[in-house]
Amino acid sequence: MRSLRIGLLLGIRQIQRASYWTTGLIIFVMTLTFLNLIAVSGILVGLIQGAENAVRESAQGDVIISARDDEDFILETPSLMRTIATYPEVTAYSVRYTGAATMEANYTERRDLSGERDTASVSVTGIDPIAEDHMTQLSELVVDGEYLDPKEEGYILIGVYFLEEYAENFGDFLDTVSNVGPGDQVRLDIGDISKEFIVKGIVESKVDEVNFTTFIPEREFRRLFSRLDRNADQIVIRTETPEQNADVVAAMEANGLTTFAKIVTFEDNLPKFLIDIKNTFNVLGTFIGSIGLVVASITIFIIIFINAVSRRRHIGILKGIGIHREAIEIAYVAQAAFYAVTGAALGTLLTYGWFVPYFDENPIQFPFSDGILAADPEGTFWRFVTLFIVTIIAGFVPAWMIVRQNTLNSILGRK
Amino acid sequence: MSALIEARNIHRKFGKGDLITHVLKGIDVTIEEGEFVAIMGKSGAGKSTLMYQLSVLDTPTEGELLVNDTDVLTLNEREATDFRLQTLGYVFQDYALVPDLSAQENVMMPLLMRGDDWQESKDTANRMLDNVGLEGKYPNLPGELSGGEQQRVAVARALAGQPKIIFADEPTANLDSISGTQIIDLLTCLHREEGQTIVMVTHEPEYAEPCDRIIYLEDGQIVQK
């Protein structure tokens, strides 16, 4: 306790009397190190997190209801929808009907009937345009033309991956039609049934699930696909906060809704490989960030070492007048702790006060994701603990090396 | 009077193999309580080396050494540090103050290490600084004080823990004659009024005049007591 008191006094006074520029520079290095620890893994994880957020926002919602494994469709869909509407946590939901069709374009201009038809195999989703837009803001993804009007019939939205002009980067990999834009006619063939639609708009998203879909109003879908019982393929639900997802699912299970459908949270629906990639990126980011940590620890080591070496004689005198070794070591450890805590505090302030909000507002444009800076408080805390411990060790070792030298040799400056 | 220091056959050698330097060659010395002793001699005679042995800052290569009835040669490093803290006070040639601490905090250091509380240490430090004529200089850093003032802070620090013996290693060497005389007067005053035991290394005969006894060293041996 006595050593701690004297060590802290010596440490605080050394910091107070040190050059402001030097102290500022050391803290700056520590801040950058801490940011490096957070940012590298944060951006790598944020890449996946951004993709995950996009899927949650634009496609799957927070809770997903689909057909039970032993059924083709969600049973008693109208009754289910009425029940869902009563949950206070549910802020929006959309009922979807899905099917496969062949989409043909440019058939009105085709002169040679024996030539190759311009077709693509497409998935068709029947939606209530207002409910879907409320749920996923689908209208905001229209990059050409307009969104579906619920009062109109005979219109279709096409995902960009079915259009040659948009999908040319993929070469021949995708099944596309060419020269199709808003106002053009396309035909959907489902077995023997065929219906013409006017292209209302083109939708493009970072989420492939949207790009690989065509959307038509659900009334037309049910007629086209002879789905007159209103039993849907998927219901996606938005909750007030993602933390409520598990509670909503539990409440639905308690109400017996699982008799009619399979109900899972967005998190439970995530494919395992995505979680594995996220964890791998996190490890990778931490590894890359830890290189910065090593550099910072060496910096602190050198700073404390030079400081202690230049004060070797004073250290000897302190020991000579009866000050314990631990007190002197604590003085240097206290300085290292000060640099680590101040640097990390500034880094945390910058991360949560500026970087995270900035990247939320201005995501990094990756091809498949709007990359954000993923910095969860728990991870940040453990990175702080890591930086703190490494810095303390880097401060302690040189102090220990100098303090353990012979007292009289230190006083006299002898080797 | 009783003996505070009893040194018998003290040898101190430095180096290894063929490069051994024999600095102290069988010193016998006794210092009584309340004595003011000067150690004198030419450069290289071994004055400072002898003082380092007697003040438990160094360990003799050979010999017996009792300080305040403690066989200091049996103490480990931690025990020796505590012994110096509790029993001895030091005044070094170049003041040896901690540059980041104020005059007051420098004097408080050994007191805090002994376990005195903050306020108690502060009061004692202020009293000691007053005694050496440094009223109003409590918050000054060593760099803001003259050489003489810094040496007085060092004396105040040495006195603060009420040590049995004060060791002064050429305390006037870095001072002008006026400041040097003031420091010697201060030590003399302490010896006469408080009965403080003082062992001082000096090569200035006039500064040794107030001492009760002078130990002359030549080539590592006492030539005259």
Side-chain angles (χ1 to χ4, degrees), chain A residues 1-20 22-23 303-304 306-332 334-335 338 399-400 402-415, chain B residues 12 14-15 48-49 51-53 55-59 77-102 104-118 121-122 141-144 154 157-161 163 166-167 169:
Chain A
M1 194 62 199
R2 284 179 287 165
S3 293
L4 181 67
R5 192 167 53 164
I6 290 176
L8 288 177
L9 175 66
L10 286 168
I12 290 167
R13 290 294 183 261
Q14 281 193 28
I15 292 164
Q16 280 179 333
R17 313 287 186 224
S19 147
Y20 291 136
T22 311
T23 306
I303 289 163
I304 298 292
I306 291 171
N307 193 330
V309 164
S310 66
R311 289 164 189 267
R312 183 170 168 247
R313 182 156 189 277
H314 291 114
I315 289 172
I317 285 157
L318 284 169
K319 284 165 66 187
I321 65 169
I323 305 301
H324 291 170
R325 275 169 56 167
E326 305 88 80
I328 303 163
E329 286 159 1
I330 287 169
Y332 287 97
Q335 286 178 72
F338 168 77
W400 174 80
I402 303 297
V403 172
R404 68 196 281 264
Q405 291 180 6
N406 178 280
T407 303
L408 189 61
N409 287 347
S410 297
I411 292 173
L412 300 177
R414 291 194 304 223
K415 283 189 178 175
Chain B
R12 184 65 173 106
F14 295 98
S48 293
T49 305
M51 200 202 79
Y52 296 142
Q53 315 307 309
S55 63
V56 200
L57 283 171
D58 196 12
T59 309
E77 192 202 326
R78 178 59 173 258
E79 288 166 343
T81 304
D82 278 332
F83 182 80
R84 291 196 297 267
L85 177 71
Q86 301 294 340
T87 317
L88 311 176
Y90 298 88
V91 180
F92 292 96
Q93 184 174 323
D94 58 355
Y95 334 127
L97 301 175
V98 181
D100 304 315
L101 300 180
S102 66
Q104 182 188 58
E105 288 166 342
N106 264 288
V107 181
M108 285 169 72
M109 275 285 113
L111 299 170
L112 290 171
M113 195 73 244
R114 281 167 167 233
D116 291 4
D117 71 35
W118 185 266
S121 304
K122 210 168 168 177
L141 293 173
E144 297 164 350
R157 182 179 65 185
L159 286 172
I166 288 181
F167 289 95
D169 184 13

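Chain naming here is simple, since letters A, B, ... match the order of the sequence lines and numbering starts at 1 in each.
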Pick whichever of B:Ala96, B:Gly161, B:Ala80, B:Ser55 has the most heavy-atom pairs under 4.5 Å with chain A.
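Most pairs with chain A among the choices: B:Ala96.
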
Where on B:Arg114 is there a heavy atom nearer than 4.5 Å to chain A: the side chain, the backbone, both, or neither?
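For B:Arg114, the contact with chain A is made by the backbone alone.
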
Under 4.5 Å from any heavy atom of chain A, what part of B:Phe167 do you find: side chain, backbone, both or neither?
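Contact with chain A: none, neither part.
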
Taking side-chain hydrogen bond (donor to acceptor under 3.5 Å, both in side chains) as the test, write out the residues that go with B:Glu144, two or more places apart.
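Partners of B:Glu144 by the side-chain hydrogen bond (donor to acceptor under 3.5 Å, both in side chains) criterion come out as none, since no residue qualifies.
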
Could you tell me which residues in residues 82-90 of chain B have at least one non-hydrogen atom under 4.5 Å from a non-hydrogen atom of chain A, sorted by residue number?
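Contacts with chain A: B:Asp82, B:Arg84, B:Leu85, B:Tyr90.
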
For the student: nearest non-hydrogen atoms of B:Leu57 and A:Leu408, plus distance
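The answer is O-CB, 3.6 Å.
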
Mark yes or no for whether A:Arg17, through its side chain, and B:Asp100, through its backbone, hold a donor-acceptor pair below 3.5 Å.
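It does hold such a pair.
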
Quick test of your reading of the model: are A:Glu326 and B:Arg78 salt-bridged, counting only N-O distances below 4.0 Å?
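So A:Glu326 pairs with B:Arg78 through a salt bridge.
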
Out of curiosity, B:Leu101 CG to A:Gln16 CD, how far, rounded to the nearest 0.5 Å?
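These two atoms lie 10.0 Å from each other.
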
Find the distance between CZ (A:Arg13) and CG (B:Asn106) and round it off to the nearest 0.5 Å.
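If we round to the nearest 0.5 Å, A:Arg13:CZ and B:Asn106:CG are 11.0 Å apart.
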
Residues of residues 313-322 of chain A under 4.5 Å from chain B (heavy atom pairs)?
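Counting heavy atoms that sit under 4.5 Å from chain B, the residues of residues 313-322 of chain A involved are A:Arg313, A:His314, A:Ile317, A:Leu318, A:Lys319, A:Gly320, A:Ile321, A:Gly322.
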
Taking only distance into account, with no hydrogens and no angle test, what donor-acceptor pairs under 3.5 Å do side-chain atoms of residues 5-12 of chain A form with protein atoms, sequence neighbours excluded?
{"unit_1": "A:Arg5", "atom_1": "NH1", "unit_2": "B:Asp116", "atom_2": "O", "d": "3.4"}
{"unit_1": "A:Arg5", "atom_1": "NH2", "unit_2": "B:Leu112", "atom_2": "O", "d": "3.3"}
{"unit_1": "A:Arg5", "atom_1": "NH2", "unit_2": "B:Asp116", "atom_2": "O", "d": "2.8"}

